[in-house]
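Everything on this sheet refers to the single structure shown next.
Heavy-atom basis, side chains included; hydrogens, waters and symmetry copies ignored. Letters A, B, ... are given to chains in the order of the sequence lines, protein chains preceding strands, and every chain is numbered from 1.
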Protein chains: 2
Amino acid sequence: MSFEYEFPRAALTVDCVIFGIDEGDLKLMLIQRNLEPFKGEWALAGGFVRLDETTEEAALRELEEETGLKKVFLEQLYTFSALNRDPRERVVSVAYYALVRMSDHQVFASTDADDAAWFEVDAHPKLAFDHQNIVDMALDRLKNTLRYRPIGFELLPKKFTLSELQHLYEVILETKLDKRNFRRRVLKTGLVVETGDVQKDVAHRAAQLFSFDKKRYEKLKRDGFNFEV
Amino acid sequence: MSFEYEFPRAALTVDCVIFGIDEGDLKLMLIQRNLEPFKGEWALAGGFVRLDETTEEAALRELEEETGLKKVFLEQLYTFSALNRDPRERVVSVAYYALVRMSDHQVFASTDADDAAWFEVDAHPKLAFDHQNIVDMALDRLKNTLRYRPIGFELLPKKFTLSELQHLYEVILETKLDKRNFRRRVLKTGLVVETGDVQKDVAHRAAQLFSFDKKRYEKLKRDGFNFEV
DNA sequence: TTGACTTTGTGTCAATATGACACTTATCAT
DNA sequence: ATGATAAGTGTCATATTGACACAAAGTCAA
């Protein structure tokens with residue numbers, strides 16, 4: 001029995017909101033479009049989903065094609081289906097977001113985009129399509145997720161100081177935190193452990209370097225713990 | 001300039017995980033399919049998204065067509081895009097979940113389904129497609145959301161006793177809660193207010209009836225409060 | 001009407017968690 | 001040596017949590 005003729009079919013895209021941290025500022029990766037519509041304007045990395053790949057595979061592929069980013073940790077954000085979100089025709093888009101350590105990733109424009117670059121989250125160019133909506137939702141999600149799950153480590157180098165971690169929380173949550181209370185809470189979780197190393201080449205007392213104990217995290221998560229910070 | 005010819009297009013569906021509470025048990029609304037594939041088997045309500053409606057509109061429409069449920073509280077859950085999730089062809093599905101007051105809603109099978117009925121969440125028939133995956137994710141989401149947002153009220157009648165509310169939390173979170181501590185916490189939020197009415201026709205001391213203060217909730221939400229219970 | 005039954009409704013206390021708060025230490029640059 | 005900069009550290013008062021048990025209210029049946 002065949003049904004093909006009766007299904008409505010929609011063009012399906014993915015869009016990727018990529019966050020990074022640099023010198024304490026939250027950054028957003030954008031690409032400059034080299035095709036119509038919105039040619040020359042800045043937008044989220046993304047593109048059409050092929051019929052032989054999942055949306056997640058499509059997001060990873062487009063990300064690599066347009067920015068050179070590989071193997072990033074992506075989470076699905078939301079599916080946007082407003083009728084007029086693409087001027088060409090009805091296009092439904094599955095949005096993903098990711099946190100990357102800027103230090104680990106070289107970013108470059110490739111053939112699919114005129115340019116790819118990091119921007120300040122609160123000072124970036126006007127975005128094509130409904131991409132500002134998508135970024136807004138990703139920011140909300142990022143804040144909420146950071147509050148309840150230890151994801152900040154994805155944005156920092158493998159070894160980091162507690163001040164860097166605190167700064168990250170302050171930037172994302174848009175609050176000022178007390179240093180002593182922050183350290184107390186973070187260390188109490190047991191998820192952040194001293195590496196024994198210290199900072200190098202700083203013009204002041206060198207800070208201890210810590211790392212995230214992923215094994216312990218997996219174990220606690222299985223046991224159903226909570227991780228508010 | 002026209003691009004239509006170059007877009008891959010996928011069949012797009014919605015699926016709805018509908019939760020209800022009845023006599024303290026968490027229930028799931030399922031429909032019995034009257035079309036191939038999986039004809040005669042139980043599945044989530046859902047169907048194809050038309051090109052002139054958003055996915056949310058499609059979910060509400062299918063829900064009404066298949067079960068008679070109207071104006072339910074729907075939230076987007078996740079988009080499922082595994083290549084083999086539909087035996088006919090590549091179909092991507094946007095899943096929603098909903099909470100309904102069983103007391104407010106008559107459920108009936110309509111022309112689009114052979115039957116529609118409530119089942120115990122942990123004792124329901126085997127589901128068609130990948131719908132068990134979707135239900136599992138919806139249950140996880142329900143638990144997490146209930147912990148941080150006051151959504152339990154969507155499942156109860158407008159006026160409810162604190163024992164009913166506590167029972168709902170116990171059933172969904174699969175824990176036993178202390179009555180006095182639960183009442184203290186719930187009342188402290190100020191979101192649950194006495195109506196002045198009491199239970200009728202019960203063979204024991206009648207409980208006070210409370211209701212959810214939606215206005216206060218909207219206000220507190222704007223002010224950025226948290227609502228853990 | 002009395003007693004049995006069922007569920008409601010309530011307070012305390014100890015332990016823990018939180019939030020506010022300031023100074024000394026280490027390191028580098030001059 | 002001195003100054004500049006950021007690291008690192010403890011206390012205390014208050015708020016929150018979790019554990020815990022019994023009297024009051026209402027219905028029903030004998």
What is the distance, rounded to the nearest whole Å, between atom [atom1] of [X] and atom [atom2] of [N]?
| X | N | atom1 | atom2 | result |
| --- | --- | --- | --- | --- |
| D178(B) | dT10(C) | CG | C1' | 12 Å |
| K200(A) | dA7(D) | NZ | C1' | 16 Å |
| F182(A) | dT9(D) | CZ | P | 15 Å |
| L177(A) | dG19(C) | CG | P | 10 Å |
| K176(B) | dG18(D) | NZ | C1' | 15 Å |
| K188(B) | dG11(C) | NZ | P | 17 Å |
| L209(A) | dA7(D) | CG | P | 11 Å |
| F160(B) | dT8(C) | CZ | P | 14 Å |

- Item | Along DNA chain C (nearest heavy atom to each residue), the more 5'-positioned of V202(A) and N181(A) | N181(A)
What's [X] touching, base or sugar-phosphate or nothing? Going by heavy atoms closer than 4.0 Å.
| X | result |
| --- | --- |
| Q199(B) | nothing |
| T161(A) | nothing |
| R184(B) | base |
| R183(A) | base |

- Message: Can you tell me which nucleotide in dC28(D), dA20(C), dT18(C) comes closest to the side chain of A203(B)?
- Response: dC28(D)
- Message: Would you compute the distance between atom CG of D122(B) and atom NZ of K27(B) and round it to the nearest 0.5 angstrom?
- Response: 10.0 Å
- Item | Approximate separation, where rounding is to 0.5 Å, of F38(B) CZ and Q32(B) CD | 14.0 Å
- Item | Whether D130(A) side chain and N133(A) backbone form a donor-acceptor pair below 3.5 Å | no
- Task: For the pair Q132(B) (side chain) and K126(B) (backbone), establish whether a donor and an acceptor sit closer than 3.5 Å, ignoring hydrogens and angles.
- Result: no
Atom pairs and distances, donor-acceptor, side-chain atoms in residues 168-176 of chain A, under 3.5 Å, two or more places apart:
{"from": "E170(A)", "atom 1": "OE2", "to": "Q166(A)", "atom 2": "NE2", "distance (Å)": "3.1"}
{"from": "E170(A)", "atom 1": "OE2", "to": "K176(A)", "atom 2": "NZ", "distance (Å)": "3.4"}
{"from": "E170(A)", "atom 1": "OE2", "to": "L177(A)", "atom 2": "N", "distance (Å)": "2.9"}
{"from": "E174(A)", "atom 1": "OE1", "to": "K143(A)", "atom 2": "NZ", "distance (Å)": "2.5"}

- Is a side-chain donor-acceptor pair under 3.5 Å present for Y78(A) with T79(B)? no
- Message: Ignoring hydrogens and geometry beyond distance, is a side-chain donor-acceptor pair present between S81(B) and T55(A) at under 3.5 Å?
- Response: yes
- Message: Judged by each residue's nearest nucleotide on DNA chain D, which is more toward the 5′ side, D201(B) or R185(B)?
- Response: R185(B)
I'd like a table of atom pairs between the protein and nucleotides 21-25 of chain D - only N or O on both sides, under 3.5 Å - with the distance next to each one.
{"from": "dA21(D)", "atom 1": "N1", "to": "R180(B)", "atom 2": "NH1", "distance (Å)": "3.3"}
{"from": "dA24(D)", "atom 1": "N3", "to": "R205(B)", "atom 2": "NH1", "distance (Å)": "3.3"}

- Message: Strictly below 4.0 Å: does S163(A) bring a side-chain N or O up to OP1 or OP2 of dA7(D)?
- Response: yes
